[in-house]
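Notes to accompany the following structure.
As the structure lists them, so they are numbered: ligands from 1, and atoms in each ligand from 1. In this text, all values refer to a predicted model and were calculated from it rather than measured experimentally.
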Amino acid sequence: MNSITVLGSGTSTGIPMLGCKCDVCKSQDVKNKRLRSSILLQIDEVKILVDTTPDLRTQFLNNDIDDIDAVIITHDHADHLHGIDDLRPLCFEHPLSIYTSKNCEKDIKTRFPYMFKEKHPDAGSIPVISLETVELGKSFDIKGVSFEFFLLPHGPFTTLGFVQGGFAYLIDCSDIPPSTLQLLKEKNLELLIIDCVQRPPHKTHLNVDKAFNFIREISPKQAGLIHMGHGLEHEKLAKEAKDNFDFPVFPLYDKLKLNYR
Ligand SMILES: [Zn+2]
Ligand SMILES: [Zn+2]
């Protein structure tokens, strides 16, 4: 059995959003407190982090994670990338590889050049970190774990989605192209995690209606909603999802663990 830990389920601002006094931001329900979206995959003994959010350190502390084997970065937006520096203590002892798309690799190196430069021998603790490009549209192995990666439109940007076993992760996308939708249908997914940012339509993300429609089309055994903004209250959205489907569909929340094969 493989597992997923939800390290963060919120949109780019995190919930509560600084300065906001809305009911969701002021809610005492821990399920409405959302760090930036990220998950940890555990396949047998292999732990793979998906995205390095600005909340990375807190997320690792909250979930007692003290080591990982690899990292996948879906795209270079700040809420998915800017915690990258906090990987340092995880690669003092052993090298760590970060996997991403070709487009993204260049931007990560431009934004964090010091992380990938040769280090001065007297620089103190030297993290060893490398950046690798994944191959798209075919099976690609990370630490012996087989993935299938594809690009998804994220408004004018792209983001990396993937299938691993019976699980698919579709974060920060505004659409799912027909060929990818077909692939996802054929996988008979056990678990789908899908972007669902807000109720009104959004230029770069799936909103509730679009996410629900894709879940209906893909028809996994269960589906979790992620990257939620403060327009979406946990209990209300949970009820709405329950009323709309005859299989489990639910908003994710931080620290939730799910299993799949
Ligand atoms: Zn995002
Ligand atoms: Zn994004």
Please give the atom name: the N, O or S atom of H154 nearest to the Zn ion (ligand 2). NE2
So, of the N/O/S atoms that H77 has, which is the nearest one to the Zn ion (ligand 2)? ND1
Heteroatom N/O/S of [X] within less than 2.8 Å of the Zn ion (ligand 2):
X: H205; answer: no
X: D79; answer: no
X: H75; answer: yes

What's the atom name of the N, O or S in D172 nearest to the Zn ion (ligand 1)? OD2
Using side-chain heavy atoms (C-beta onward) and a distance below 4.5 Å, is [X] in contact with [Y]?
X: T100; Y: T133; answer: no
X: I43; Y: K143; answer: no
X: K255; Y: V6; answer: no

Under 4.5 Å between side-chain heavy atoms, counting indirect links through other Ile/Leu/Val/Met/Phe/Trp/Tyr residues: same cluster for I226 and I4 or not? yes
If the test is side chain to side chain donor-acceptor pair (under 3.5 Å), which one of D55, T53, D51 qualifies with R36? D55
